[in-house]
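Right, one structure below, let's go through it.
Just so we're on the same page: letters track the sequence lines, and every chain starts at 1. Not measured: the values here are computed from a predicted model.
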Amino acid sequence: MNPKQADKLATGVLYTVAGIIIVILASLLGFILFQGLPHVSWHFLTSPASTFEAGGGIGIQLFNSFYLLLLAMVISVPIAIGAGIYLAEYAKKNWITDLIRTSIEILSSLPSVVVGLFGFLVFVLQFKMGFSILSGALALTVFNLPLLTRNVEDSLRQIHFTQREAGLALGLSRWETVVHVVIPEALPGIITGMILGAGRVFGEAAALIYTAGQSAPALDFTNWNPLNIASPLNIFRPAETLAVHIWKINSEGIQPDAAAVSAGASAVLILAVLLFNLVARYAGNRLYKKMTAS
Amino acid sequence: MDPIREAMLKRSRSAKLERRGRLISLFCIGLIVVIVAGIFYFVASKGLATFFSDGVNLWDFLTHSVWSPGVKDAHGSPQVGALPMIVGSFGVTFLSAIIATPFAVGAAVFMTEISPKVGRKILQPVIELLVGIPSVVYGFIGLSVVVPFIRSIFGGTGFGILAGTFVLFVMILPTVTSMAVDALRAVPSHYRSASLALGATRWQTTWRVVLRAATPGILTGIVFGMARAFGEALAVQMVIGNAALLPNNLVSPASTLTSVLTSGIGNTVMGSLENNALWSLALLLLLMSLFFNIMIRWIGKKGELK
Amino acid sequence: MDNYSLDDIFIRDFDRKTQEIAVETEDLRVFYGDNEAIHGVSLPFERYKITSLIGASGSGKSTFLRSINRMNDNIDGTRVTGKIMYRDVDINSDNVDIYEMRKHIGMVFQRPNPFAKSIYDNITFAPKRFGEHDKQKLDEMVETSLKQAALWDQVKDDLHQSGLSLSGGQAQRLCIARAIAMQPDILLLDEPASALDPISTSTVEETLMTLKDQYTIIIVTHNMQQAARISDYTAFFYSGKALEYDETRKIFTRPKIKATEDYVSGHFG
């Protein structure tokens, strides 16, 4: 085979490889959506799950997923911004900064099941929070922090140093300059990262099965007293999420329609994650345009 | 007295804000470091108890293949041989990495060298979407498509290392691909033009020049993918069969460190040997994750030296 | 380039009874790590005058300027020794509040750096942070400072357009307006016109000429004609030292030091 033929062959092989990857994604999405979407109805999205018979929905799990996501973001975003500011603005080049960066790298590469086990040990048992939304939100915070922090740091570094000098030269502190000048300018990047992080959190299950628990007690959606155990807002109740539900019914479920419920739930989960991705792009672009517009 | 001089010798509001802000940010970063230290401390203290309080021999733990922590053997020592899980974890990790690598590198070469336009417009979003799909969805598809497929070809249950490998292959493919793309894009374009100018074909250039220059970056991507495969819990647990036995072949039910952990930790009593033994598996998982991290750094350093 | 002696120095004397000194450095040295970039510069700057700092790139003039309001403090590994006397206080000491000090010693940078905020907010942002919330006062402040910076007529109809939408010259004048809205004593300018076209440059120069009634101005420039046009005094920097400091007229017509003579006549730099 001469080099020309080899070149043609290689090109052909590479086209095939690219094609296979596209086919894999298309069949994954196709399978989930074709299997799942017919099962998705208003009833499915709003009614509670059933343990033994067919016809259960995912209403409580869906609510739990969003509520947990919200709480996890409320806890992790401020910490990530603070930590990102430290890394981008205050960290000096020394061994302490190296140690911090190494810690963040290790945390970001930890398997999420380890994060879940840590949450189980510390939040559920040590702090006696039990299987609860709060334990779950804290575990998701641990899971989410390294990526969010890195995203904040990167977004802040994108803003030119002269912006900080401008603030400093007016007698403002570095902190005021960062909070009131640099962060607003870095916002498109920060928001994009947060939404992508939210998508990741939304689909996470391994960190939750031993923290937020695997049961979804019935909720009374007319009771908005956060201290009542039946209230959706109660943060001390166990809360199975959508992702955990899919795992649960597939590994030990006894519902006759387990496959259909999982397909429906998977379709909802994937659509939600797709939505997060699209919103992240759109919001990022939109904000960026708004910031730089005249 | 000069009021400006007076003001300069006092501590301004900005100075106070600066001090407070610096403390806040230091607190946030400190919290992360404390969490990481906490994870190591708690998992290690639990995981080492098997060896220090329950008297299990570390070597036996790593090399024995009978995992039934509740049962004592003829010599009266508990049977906590983690070899089946270790074999299972490494098995699915290596196999999936071996299958994913040519696909990932091929796709990356396609995206950077052959057709950057199709790459950016179609493959890039496809890969980003694949990254975003939650692992339980991969597990569910594995369970409802891959396992029956394997069952129909090889017989048996269909659960096993092969099913785990397939699922993990798809899961780590986007990770490895996007890092390989970054590595290839980082190769200076004059490498390519120099080689092409010497009369080399595009493929010769790619194979002998571009891929060689990008090797450290591609290796980093593969190790990242392996780390992800090794730590993946639920998707694997759903398709591997969860039998803590040394696998006879790729299609017999097996288990991984993560699968035994997820199914076992809730069914054992805290502080018991059965429970401690599971924490030892978690510790092993943690150490492996650390090992992958060190490898990535090591490759990075080697790559810089070139 | 020739090597000139660093001991051959002429620094003019000021008559301190009639000439008020706004700020003065005494044996100022700047270190980047172990490397000494500025070797003991002692210069007094007269109030309500424009003083130019000239010299080849790398001569240390910008580093020196940035030390006066301690902007070099923000660069990792930088150390500044010596005194900077301002209102009878050494502002290069730890007991001086640098933020308060910078309100009175403002700075305009080489590249225009307006905030990504409206023109109005660019000017009022810092005053608001310092507690000025009276709408009428803020409006007046915007108008006065924009007029002083010769930008008012061009932007008065749309003060809420983004500062980033201005042309280079306009953006730089916005930065000058932002600095003078703080009503500083001293205005430090680090090659403020180097990124601008000739027409914008001459507008900025005119602006500076009108500002010196109220502000002490120290300006770094690599443009000798500019120094000659606008400044009262000129200091020539070479290799981290001020070799000659005199009235501008004398520097450009009868320099006393060989290095200065070669530089102003275009032999190097």
Should A:Glu165 and C:Arg66 count as an ion pair when the cut-off is N to O under 4.0 Å? yes
Tell me whether the count of non-hydrogen atoms from other residues, nucleotides or ligands lying under 6.0 Å of [atom1] in [X] goes above 12.
X: C:Lys137; atom1: NZ; answer: no
X: C:Lys212; atom1: NZ; answer: yes
X: C:Gln183; atom1: CD; answer: no
X: C:Arg111; atom1: CZ; answer: no

Residues from residues 139-155 of chain A approaching chain C under 4.5 Å (heavy atoms): none
Residue by residue, scan residues 77-105 of chain A and write down, ordered by number, those that have a heavy-atom distance under 4.5 Å to chain C; if none do, write 'none'. A:Lys92, A:Lys93
For the side chain of A:Thr211 and the backbone of A:Ala207, is there at least one donor-acceptor N/O pair under 3.5 Å apart?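 Indeed, once roles are kept as given, a pair shorter than 3.5 Å links the two residues.
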Hey, do the aromatic rings of C:Phe125 and C:Phe115 have their centres closer than 6.0 Å? yes
With respect to chain A, which residue among [options] yields the maximal number of heavy-atom pairs within a distance under 4.5 Å?
options: C:Arg129, C:Lys103, C:Lys117; value: C:Arg129
options: C:Gln110, C:Met71, C:Arg70; value: C:Met71
options: C:Gly106, C:Pro114, C:Gly77; value: C:Pro114

Would you call the rings of A:Phe118 and A:Phe123 parallel, tilted or perpendicular, taking 30° and 60° as the class edges? perpendicular
How would you list, by chain and number, every residue that makes a ring-ring contact (aromatic ring centres under 6.0 Å, His included) with A:Tyr67, sequence neighbours excluded?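 Testing A:Tyr67 for ring-ring contact (aromatic ring centres under 6.0 Å, His included), a comparison that skips the adjacent residues, returns A:Phe63.
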With A:Tyr282, which residues qualify under ring-ring contact (aromatic ring centres under 6.0 Å, His included), at least two apart?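 Listed in chain order: nothing, the list is empty.
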So which part of C:Pro127 gets closer than 4.5 Å to some heavy atom of chain A, the side chain, the backbone, both or neither? neither
Can you tell me which portion of A:His160 sits under 4.5 Å from chain C's heavy atoms? Options are side chain, backbone, both or neither. side chain
Of all the heavy-atom pairs spanning C:Ser162 and C:Ser165, show the shortest one and how long it is.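 Shortest heavy-atom separation between C:Ser162 and C:Ser165 comes out as O-OG, 2.6 Å.
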If you define the side chain from C-beta out and look only at heavy atoms, does anything of A:Leu138 sit under 4.5 Å from A:Phe127? no
